[in-house]
Q: 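Take this structure first; my questions come after.
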Amino acid sequence: MKDTAKHQGLRNQLVKLLQDKGIVDKNVLKAISTIPRHLFLNSSFEDYAYQDKAFPIGAGQTISQPFTVAFQTQLLEIKKGDKILEIGTGSGYQTAVLYLMGAKVYSVERQNELFKQTSALLPKLGIRPKHLSFGDGYKGLPNHAPFDSIIVTAGAPTIPKPLMAQLKIGGKLIIPVGDENQIMIKLIRKNETQFEKHEYGDFKFVPLLEDKK
């Protein structure tokens, strides 16, 4: 599990690209400049790890392109100590970004193969989320709610009501909503029943799968 000066140079180039694309949150950029993304990918993709592209990670899932990770994370406006629920642990790369920014991360993954891989990988990299679980992301983690923020890393046809219910007042939910393509949505919980909605353009994610039991 090597991380070399060459890898750091590639990360620096990636950070510059993300800045050119409009990412301004210094803490997001610092996390991306620090985390060895190549270690979250199959070794056959290592030469491409710092391109701004998504790649397959197994179980029909992908590691999101760095711009998407940075964009969603920037929308969260993370403060150190924020309690954040991540729906879709995947490779663990987004988890690592949240962790390095000082968040207390709770994450759910429904693909057991990825859950096992990522649960083994993160501690080796010194990344220790508060809670990793294998389960249905649509349900969130009610036993650990409420959360300061929730980030969903897969496309949902609609916004799952259980996730809305698990937000603190003033909390933010960042979720791509749509079928083939998605619109990035930010919901801010104003009170027990009201949410303020903002839209941030088109994205393309793998689908958020719901257990039909």
Side-chain angles (χ1 to χ4, degrees), residues 1-3 7-8 10-12 14-15 18 23-41 49-50 52 54-55 57-58 61-111 113-135 137 140-141 143-154 163 166-168 171-176 184 186 205 208:
M1 296 180 73
K2 287 184 179 172
D3 186 32
H7 291 124
Q8 184 60 63
L10 292 169
R11 283 200 290 280
N12 293 343
L14 175 59
V15 165
L18 296 178
I23 302 299
V24 295
D25 187 316
K26 288 187 170 56
N27 291 325
V28 174
L29 294 168
K30 185 178 178 186
I32 285 172
S33 79
T34 305
I35 297 166
R37 187 174 186 252
H38 61 283
L39 299 181
F40 292 83
L41 291 167
Y50 297 103
D52 191 23
F55 289 102
I57 54 170
Q61 305 301 298
T62 59
I63 182 172
S64 293
Q65 74 177 91
F67 173 74
T68 303
V69 172
F71 189 83
Q72 282 196 287
T73 308
Q74 181 167 275
L75 288 178
L76 289 171
E77 301 172 89
I78 294 170
K79 296 188 291 298
K80 197 166 184 177
D82 276 359
K83 185 178 174 184
I84 297 183
L85 172 61
E86 176 192 29
I87 304 300
T89 317
S91 69
Y93 181 71
Q94 173 75 72
T95 318
V97 170
L98 299 172
Y99 179 82
L100 250 69
M101 292 178 68
K104 295 172 182 170
V105 188
Y106 296 71
S107 191
V108 183
E109 174 55 55
R110 79 180 302 283
Q111 301 287 350
E113 172 192 341
L114 291 180
F115 172 69
K116 287 176 178 171
Q117 277 176 20
T118 301
S119 298
L121 174 65
L122 291 175
K124 290 177 187 169
L125 301 176
I127 294 156
R128 293 180 174 81
K130 281 287 194 186
H131 183 82
L132 285 179
S133 67
F134 169 60
L141 288 175
N143 294 341
H144 295 278
F147 296 96
D148 293 302
S149 297
I150 299 174
I151 179 171
V152 181
T153 62
L163 299 185
Q166 289 171 39
L167 269 186
K168 282 183 180 173
K172 305 175 195 73
L173 168 60
I174 311 299
I175 180 169
M184 193 68 73
K186 178 196 236 178
F205 284 77
L208 179 66

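Just so you know, these numbers use all the heavy atoms, side chains as well, and skip hydrogens, waters and symmetry mates.
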Q: Which heavy atom of T73 sits nearest a heavy atom of V69, and at what distance?
A: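 For T73 and V69, the tightest heavy-atom pair comes out as OG1-O, 2.6 Å.
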Q: How long is the span from the CD1 atom in I150 to the NZ atom in K172, to the nearest 0.5 Å?
A: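 Here the interatomic distance stands at 12.0 Å.
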Q: Please give me the minimum heavy-atom distance between Q74 and D25, naming the atom from each residue.
A: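 What the structure gives for the nearest pair is OE1-N, 3.0 Å.
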Q: So I84 and F147, do their side chains get closer than 4.5 Å, heavy atoms only?
A: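 When only atoms from C-beta onward are counted, I84 and F147 do not touch, as no gap falls below 4.5 Å.
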Q: Could you pull out the closest heavy-atom pair between A154 and P176, with the gap in Å?
A: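 Heavy atoms of A154 and P176 come nearest at O-CG, 3.5 Å.
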Q: As a quick check of understanding, evaluate side-chain contact (heavy atoms from CB on, under 4.5 Å) for F205 and V152, giving each step before the final call.
A: CA-CA 10 Å; F205 284 77; V152 181; over 6 Å; no
Q: Using the rule side chain to side chain contact (heavy atoms under 4.5 Å, CB included), only one of Q72, Q94, E109 pairs with E86; which is it?
A: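 Result for side chain to side chain contact (heavy atoms under 4.5 Å, CB included) with E86: Q94.
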Q: Where do L163 and G140 come nearest, in terms of heavy atoms and distance?
A: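 The pair with the smallest heavy-atom distance is CD2-CA, 3.6 Å.
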Q: Taking the side chain as every heavy atom from C-beta outward, state whether T89 and F115 have any atom pair closer than 4.5 Å.
A: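 Heavy-atom side-chain distance check fails, nothing below 4.5 Å.
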Q: What pair of heavy atoms forms the shortest contact from R110 to F134, and how long is it?
A: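 Distance-wise, the nearest heavy atoms are O-CE1, 3.1 Å.
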Q: Donor-acceptor pair, Q117 side chain versus S91 backbone, under 3.5 Å?
A: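 Between the backbone of S91 and the side chain of Q117 there is no qualifying donor-acceptor contact (under 3.5 Å).
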Q: Quick check on side chain to side chain contact (heavy atoms under 4.5 Å, CB included): which of I175, L98, I87 does I151 satisfy it with?
A: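 Among I175, L98, I87, the one that satisfies the side chain to side chain contact (heavy atoms under 4.5 Å, CB included) with I151 is L98.
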Q: Side chains of residues 27-34: which donor-acceptor partners sit under 3.5 Å, not counting sequence neighbours?
A:
residue, atom, partner, partner atom, Å
S33, OG, K30, O, 2.8
T34, OG1, K30, O, 2.7

Q: What distance do N143 atom CG and H131 atom NE2 have between them, rounded to the nearest 0.5 Å?
A: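 Those atoms lie 8.5 Å apart.
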Q: Quick one: do L85 and V108 satisfy side-chain contact (heavy atoms from CB on, under 4.5 Å)? Show the steps, please.
A: CA-CA 8 Å; L85 172 61; V108 183; 4.1 Å; yes
Q: Could you tell me the separation between the CD1 atom of I57 and the CD atom of E113, rounded to the nearest 0.5 Å?
A: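 It is 9.0 Å, given to the nearest 0.5 Å.
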Q: Between R11, H7, R37, which is the residue that forms a side chain to side chain donor-acceptor pair (under 3.5 Å) with Y50?
A: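 Going through the options one by one, the only one that passes is R11.
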Q: What pairs meet the salt bridge (charged side-chain N to carboxylate O under 4.0 Å, His left out) rule with one or both residues in residues 72-85, with sequence neighbours excluded?
A: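 Non-adjacent pairs meeting salt bridge (charged side-chain N to carboxylate O under 4.0 Å, His left out): E77-K186.
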Q: Name the orientation class of the two ring planes belonging to F40 and Y93 (parallel below 30°, tilted from 30 to 60°, perpendicular beyond 60°).
A: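 Perpendicular, since the angle between the ring planes exceeds 60°.
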Q: Find out whether V105 and I127 are in side-chain contact, i.e. whether some heavy atom of one side chain is under 4.5 Å from a heavy atom of the other.
A: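 In short, these two side chains do not touch, never coming nearer than 4.5 Å.
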Q: For R128 and Y99, work out which heavy atoms get closest and say how close.
A: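 Heavy atoms only, the tightest pair is O-CE1, 3.1 Å.
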Q: Whether the side chain of T118 engages the backbone of G90 through a donor-acceptor N/O pair (distance < 3.5 Å, no angle test) should be reported.
A: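 Side chain of T118 to backbone of G90: a pair is present.
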Q: May I ask you to test the P146-Q166 pair for a side-chain heavy-atom distance under 4.5 Å?
A: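 Side-chain contact under 4.5 Å: no.
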Q: Could you measure the distance from the CG atom of D52 to the OG1 atom of T68? Nearest 0.5 Å is fine.
A: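 With rounding to 0.5 Å, CG (D52) is 7.0 Å from OG1 (T68).
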Q: How far does CG of L41 sit from OG1 of T62, to the nearest 0.5 angstrom?
A: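 Going from the CG atom of L41 to the OG1 atom of T62 covers 10.5 Å.
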